[in-house]
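All remarks here apply to the structure that follows.
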Amino acid sequence: MRYHSTRNGKNFVDSAHAVLTGLALDGGLYVPEKLPQIDVAGCLQENTMEMATGIIGAFLPEIPNMKKLVDRAYKGKFQTEELTPTVDTGKFTVLELFRGPTSAFKDVALCMLPQLLTAAREVKGMNEDVLILTATSGDTGKAALAGFANVPGVKICVFYPDGGVSAIQRAQMVTQEGNNVAVCAVKGNFDDAQTGVKNIFAAGENGRLPGGNRLCLSTANSINIGRLAPQVTYYFKAYADLLRRGQIQMGDTVNFCVPTGNFGDILAGWLAKKLGLPVGKLICASNANNVLTDFIQTGTYDRRRPLHKTLSPSMDILVSSNLERLLYFLSEDTELVSKLMNQLNTDGNYTVPANLKAAIIEEFHAGFCDDVGAQTAIANVFKEHNYLCDTHTATAWAVAENYVNQTGDSRPMVVLSTASAYKFPGSVLSALEPLSDNDEFAQMDRLAKLTGWPIPRNLSDLQTKKELHTDVIEKEAMLQFVMSL
Ligand SMILES: *Cc1c(COP(=O)(O)O)cnc(C)c1O
């Protein structure tokens, strides 16, 4: 399948190349020339692993033995064989994406990406090692480290904003074992770390680190198509669950509300719709960093605003990279996308043409909810539905509620749940009762006692693990750090 950059439709690569390099050399994101087709009715009959095999294979046909890769990626690593279960709360259906090895939704993609990457390396007969560079706002880092640890032919280096992730998230990363992993804090926020990674790519030569070092650069951020494709699967899985429970008939449309940061998760939902899944509205939920809410409502994207630190840090983002793909898909105009992205770079804002704005509003709705609203939702959902949400999920729940109240849209609503409540124990616990302890591990225990919800093993084990990665650097020193690996 031919892929090209969102900023240039003339140079083509295949899907294996797109997975290997992550980002196109012109700074654009890889998109398929034509979206694949699948047998939707057949797919909905399958179990999650079979769905994943068919869907990922449809996007990445140059990567062989997909069934084997899917097995290796997921078998025995999730709490349940169905990988991403759904829970009918009586009001909304919650799609639980956090039942993987690091209790974050990013596991769905990042268990799969190393398999795709090593397979792509083989397809391309590549001898050099690949260096995965990743900036994280908290969850990607650990999920990527866990996915890539000890994978032959690959090294991984994760940068996180110093003080910008929770104590649990930090503990998850700095205790990561493996002979090919590096973790480093950067003085700055997530956007600084992400910009630093982009600068390292820009300093490279032909996709390789500068200087004689021949490491081939790639990324585990959600700009990699190898991360996006596996996320399409769980939209099908959720729809199949609603069918099985008799809550919908085949063909009925279902709305999805997605807690959004880099726009990867929700874009996967849009791709599921383009593959033929009966998806109604895709509701983009943001926290106080409501740049996407403003964009979807007005057609103007403006990143010139302060970045707020919120209780849902994985959504504390001002530049949502994957939005670029949506702009391309809906306009099919690489010149336009290139122009808008340049404007974002130089002016900090852009406005899309009226027809593109209309196309976006046709398929998306956007809303936001601040920390107070999210904590209120945590308390209410627990009280009324006996369901324990984390802060990101609660943000989406609140936005979904507002959407239903505003529009009266009565179609079934699936709320994507992107993290275990135990990844943010202080924020969740303080929604339910006043905090009596500042230690996050003590808060975890208290939360478990109060709610009766079990703590995932990977999180309760952290307390006894040794800190292995304690570097903190200036953002200007990121390239130097990488060169020294
Ligand atoms: C990454 C993340 C998100 C945002 O997902 P995007 O694909 O970046 O939009 C939401 N919630 C949690 C817990 C996350 O880790």
Side-chain angles (χ1 to χ4, degrees), residues 29 84 94-110 113 134-147 158 160 164-166 168-169 172-173 190-191 193-194 219-225 227-232 234-235 256-272 282-287 289-293 295-296 310-326 364 366 368-369 374 378 389-397 399 415-425 427-428 456 459:
L29 311 192
T84 53
V94 177
L95 171 55
E96 297 190 332
L97 305 177
F98 60 83
R99 300 281 179 195
T102 79
S103 299
F105 105 92
K106 294 188 171 65
D107 288 328
V108 177
L110 284 166
L113 186 63
T134 290
T136 183
S137 56
D139 284 348
T140 301
K142 177 59 182 186
L145 288 163
V158 169
Y160 68 92
V165 303
S166 80
I168 300 279
Q169 288 176 319
Q172 281 188 301
M173 290 189 276
F190 168 71
D191 284 319
Q194 179 155 271
T219 167
N221 278 103
S222 60
I223 47 182
N224 193 315
I225 189 73
R227 244 189 85 174
L228 208 48
Q231 295 181 212
V232 176
Y234 48 73
Y235 287 90
F256 289 87
C257 186
V258 187
T260 296
N262 232 348
F263 211 76
D265 199 359
I266 194 166
L267 185 67
W270 185 84
L271 289 170
L282 287 158
I283 297 149
C284 173
S286 300
N287 60 25
N289 296 296
N290 57 354
V291 59
L292 283 168
T293 315
F295 170 65
I296 291 173
T310 75
L311 300 182
S312 41
S314 299
M315 295 152 70
D316 290 349
I317 289 177
L318 292 181
V319 179
S320 293
S321 309
N322 262 298
L323 185 62
E324 179 170 348
R325 280 199 171 100
L326 182 72
F364 293 86
F368 75 100
C369 164
I378 290 172
C389 290
D390 94 294
T391 46
H392 304 75
T393 309
T395 302
W397 183 291
V399 169
V415 172
L416 275 64
S417 177
T418 47
S420 160
Y422 290 102
K423 286 201 80 170
F424 309 95
S427 309
V428 174
L459 297 179

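Numbering of ligands and ligand atoms starts at 1, following listing order.
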Practice task
Could you tell me which non-hydrogen atom of L416 sits nearest to which non-hydrogen atom of F256, and how far apart they are?
Solution key: CD1-CD2, 3.8 Å
Practice task
Would you mind listing which atoms of ligand 1 come within a distance below 4.0 Å of any non-hydrogen atom of A419?
Solution key: 13 (C)
Problem - Atoms of ligand 1, numbered as shown, that sit under 4.0 Å from any heavy atom of D139 - result: 12 (C), 13 (C), 14 (C), 15 (O)
Exercise for the section: Please indicate whether any nitrogen or oxygen in G261 is less than 3.5 Å from any nitrogen or oxygen in ligand 1. Expected result: yes
Practice task
Using distance alone, determine whether N262 and ligand 1 share an N or O pair under 3.5 Å.
Solution key: yes
Problem - Nitrogen or oxygen of D390 less than 3.5 angstrom from that of ligand 1 - result: no
Problem - T418 and S314, any side-chain heavy atoms less than 4.5 Å apart - result: no
Fill in the blank from the handout: atom 11 (N) of ligand 1: closest protein heavy atom, distance to 0.1 Å, is T418 OG1, 2.8 Å
Problem - Min N/O separation H392 to ligand 1 under 3.5 Å - result: no
Practice task
Return yes or no for this condition: an N or O of M315 is under 3.5 Å from an N or O of ligand 1.
Solution key: no
Practice task
Could you list the atoms of ligand 1 found under 4.0 angstrom from a heavy atom of K106?
Solution key: 1 (C), 2 (C), 3 (C), 14 (C), 15 (O)
Fill in the blank from the handout: Shortest non-hydrogen pair, A285 vs A396, comes out as CB-CA, 3.7 Å
Completion exercise
closest protein heavy atom to atom 5 (O) of ligand 1 is F105 CE2, 3.5 Å
Problem - Protein residue, atom and distance nearest to atom 7 (O) of ligand 1, heavy-atom basis - result: D265 N, 2.8 Å
Handout entry: Aromatic plane relationship, F105 with Y234 - under 30° parallel, 30 to 60° tilted, over 60° perpendicular
Key = perpendicular
Practice task
Can you label the angle between the F424 ring and the H392 ring as parallel, tilted or perpendicular, going by 30° and 60°?
Solution key: tilted
Practice task
Heavy-atom distances under 4.0 Å are what count here, so tell me which part of F263 touches ligand 1: side chain, backbone, both or neither.
Solution key: backbone
Practice task
Please name the pair of heavy atoms, one in L29 and one in E324, separated by the smallest distance, quoted to 0.1 Å.
Solution key: N-OE2, 4.0 Å
Exercise for the section: Start with the C-alpha distance between T134 and T219, add both sets of side-chain angles, then the distance that settles side chain to side chain contact (heavy atoms under 4.5 Å, CB included), and finish with yes or no. Expected result: CA-CA 6 Å; T134 290; T219 167; 4.3 Å; yes
Problem - Any P259 heavy atom less than 4.0 Å to ligand 1 - result: yes
Practice task
Indicate yes or no: at least one non-hydrogen side-chain atom of R325 is less than 4.5 angstrom from one of F263.
Solution key: no
Problem - T260, any N or O under 3.5 Å of ligand 1 N or O - result: no
Handout entry: Heavy-atom closest contact (D107 atom, G100 atom, distance)
Key = OD2-C, 3.2 Å
Handout entry: Within-4.5 Å side-chain heavy-atom neighbours: L145 and M173
Key = yes
Completion exercise
Within the 4.0 Å heavy-atom cut-off, what K423 brings close to ligand 1 is neither
Completion exercise
If we number the atoms of ligand 1 from 1 as shown, the ones under 4.0 Å from a heavy atom of G264 are 6 (P), 7 (O), 9 (O)
